[in-house]
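Before any comments, here is the structure.
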Amino acid sequence: RIGNYSDTPRHVRLEVQLGNAVVPLEVHCPARAVTAAGGRIPLTAEGWHFGTARLVGVDDALPDDNQLAIGLQVHPPPRIALLSRDKPEQVGSASYYVESALTSTFGKSARSDSSQTAPTALAASPLGSLVKVANVVIRLNAADPDVEMMRQSDVVVLARPGRLSSDTVTVLTAMLQRGRSLLYVAGDQLDAANLQDLAKSLGSSVSLPVEFLPRTAGRSQAKRSLTDVDRRRPPFSIFGDELASAVKSLEFTDGLLTRPSSTGLKDDIRATLNDQSALLTVTSVGRGRLAVLNTDLERSNIARSPVLVPLLGELISQELTTTDSKGLAFFCGEPFTLPLPVGEERMTDLRFIGPDSSTLSETDRGTLTAIPAGIVWNMAGANQPGALQVQLDGKTVVAALATIPSEESDLRSLPESVFAGRLSGGRTLNYTMGSVAGEEQHDDVWVWLAVACVGCIVMELLTLKLFRT
């Protein structure tokens, strides 16, 4: 964002340098306004990229605020394990719809068997060569899943997994506690039993907003529709102004009944159906997140609508795989606290890089405090703007950007109404400009001279009258 605090509009050139990429931008900035500038920056490498955004050809009273440090983290595609007992070739099953949606958003898919260890595929790089990349979506048999492949994934998706064994529930519980995420597409009574087992295994570390209950055999299977959607947060925020028209024709059949929980947060419910059942919930569990999509994809038309693909893509990319993104922006000179995703045993291996790319000493870097979830970094503040990096084994794991407050760039004087109204607090204030005060002092001298002359004339008259001459 570019602030133009002058009285005239300006057309400015902005040069953004991020990593090896340099992108020029031109922005029209109205007078007395802050304008947002945006553009595309080609970044192909994963990890943190640092650089600057600099105004070109601008001559003003504060040249130091014409440059801003920027940082951006490029995430790798999430590794997704899909657990299901559906046959992979079964077209129209719940797992078929889920796998199709995930692969269309995140890329390649693979199916695991006992002889497969690390599924890979060939993909074209931006330079035209072939590079070997790991498959993003791996399909596992929920009856006997490969535990090692589950642990290597970022997100586990369950769609028609059947009854989960106690060992699988234990593995899923441990993954959630360590920061992995779980998406459960629930549609039948076995799913309700699995969710109850999972909640019991997680214990006090989870408070689901609702309890998931199986539907009774005699209960009506009428089609249901969406009545309440959280349009401010993902995944429904991706639809923007088109949300109402996108979900208007959706009809949901079957799924689980839900009952509000006395310990859960109502804000964890992202969508509700017209029978007051929760359609989508997203809950924090330990260091991970648990999302439940409560619908039967085989009998509901959402799977055959253009809603499912962006819905699952946004849910996974924005809600279930962003817990490892560690970054912070703060003002120069102000203290900050930032958790580090590193265990206490690696505390001595951390390296702290300052804004000038030099290694910070133990005194300048602040303090490190060990907590059960990891390490907390406390710093009194940075003495100059720029990027602070925390590196482990040569790789940046956390970044913090020190910036200058935008208010310091606004050199406009306060108007008289601010003093007379907001700052006076109802009291009467009198003020005099310095130049006016000098002039008034000069005018007082002439007044006193005139008074002295009049006094002399009066005394002369009195003297003449006294001596009668």
Side-chain angles (χ1 to χ4, degrees), residues 78-114 116 119 121 135-146 149-150 153 155-165 168-169 172 181-195 197-198 212 214-215 217 221-224 226 235 247 249-257 271 273 277 279-281 290-316 320:
R79 295 162 297 181
I80 303 173
L82 174 60
L83 271 64
S84 178
R85 297 201 188 196
D86 289 339
K87 294 181 179 180
E89 63 275 5
Q90 184 178 349
V91 177
S93 63
S95 62
Y96 169 83
Y97 290 124
V98 172
E99 184 177 10
S100 300
L102 295 179
T103 53
S104 64
T105 302
F106 299 107
K108 298 290 182 178
S109 176
R111 291 161 187 172
S112 173
D113 53 39
S114 58
Q116 202 171 12
N135 283 283
V136 176
V137 183
I138 303 173
R139 188 181 183 113
L140 303 175
N141 184 4
D144 185 21
D146 189 316
M149 285 190 180
M150 289 176 58
S153 63
V155 181
V156 177
V157 180
L158 293 96
R160 288 294 177 87
R163 195 71 169 95
L164 295 176
S165 65
T168 303
V169 172
L172 294 175
S181 295
L182 175 65
L183 170 59
Y184 203 122
V185 182
D188 56 31
Q189 58 183 3
L190 295 179
D191 297 325
N194 291 334
L195 288 171
D197 291 345
L198 191 60
F212 293 95
R215 289 186 176 272
Q221 304 296 317
K223 295 180 179 180
R224 299 169 294 165
L226 273 172
V247 303
S249 60
L250 296 182
E251 295 179 344
F252 301 88
T253 306
D254 288 350
L256 304 178
L257 296 175
L273 300 174
S277 295
L279 174 68
L280 177 64
T281 64
L290 170 61
V292 180
L293 180 60
N294 179 25
T295 184
D296 187 341
L297 293 181
E298 297 179 11
R299 302 190 62 186
S300 302
N301 66 354
I302 186 174
R304 296 175 293 277
S305 73
V307 174
L308 184 64
V309 172
L311 180 73
L312 294 183
E314 188 77 356
L315 178 62
I316 290 179
L320 304 183

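Worth saying up front: this structure is predicted, and the values here are computed from it rather than measured. Values below: every heavy atom of this structure, side chains too, minus hydrogens, waters and symmetry copies.
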Candidate pair Asp188 and Arg160, rule side chain to side chain contact (heavy atoms under 4.5 Å, CB included), full reasoning: CA-CA 8 Å; Asp188 56 31; Arg160 288 294 177 87; 3.8 Å; yes
So, using side chain to side chain donor-acceptor pair (under 3.5 Å) as the criterion, who are the partners of [X] when residues are at least two apart?
{"X": "Thr281", "result": "none"}
{"X": "Ser104", "result": "none"}
{"X": "Asn294", "result": "none"}
{"X": "Arg85", "result": "none"}

Check against side chain to side chain contact (heavy atoms under 4.5 Å, CB included), Asp191 and Phe212: CA-CA 9 Å; Asp191 297 325; Phe212 293 95; over 6 Å; no
Partner of Leu183 by side-chain contact (heavy atoms from CB on, under 4.5 Å), out of Val157, Leu158, Val292: Val157
Can you find a heavy atom in the side chain of [X] that is under 4.5 Å from one in the side chain of [Y]?
{"X": "Ile302", "Y": "Leu311", "result": "yes"}
{"X": "Leu320", "Y": "Pro78", "result": "no"}
{"X": "Leu297", "Y": "Tyr96", "result": "no"}
{"X": "Val309", "Y": "Thr105", "result": "yes"}
{"X": "Arg139", "Y": "Asp86", "result": "yes"}

Met150 vs Leu172, side chain to side chain contact (heavy atoms under 4.5 Å, CB included): CA-CA, chis, key distance, verdict: CA-CA 8 Å; Met150 289 176 58; Leu172 294 175; 3.6 Å; yes
Minimum heavy-atom separation for [X] and [Y], please, with both atom names.
{"X": "Ser277", "Y": "Arg215", "value": "OG-NH2, 4.4 Å"}
{"X": "Leu140", "Y": "Met149", "value": "CD2-SD, 3.9 Å"}
{"X": "Thr253", "Y": "Ser300", "value": "N-OG, 3.0 Å"}

NZ/NE/NH1/NH2 to OD/OE distance under 4.0 Å, Asp197 and Arg163: yes
Ser249: partners by side chain to side chain contact (heavy atoms under 4.5 Å, CB included), with sequence neighbours left out: none
With Arg304 via side chain to side chain contact (heavy atoms under 4.5 Å, CB included) - residues at least two apart: Tyr97, Asn301
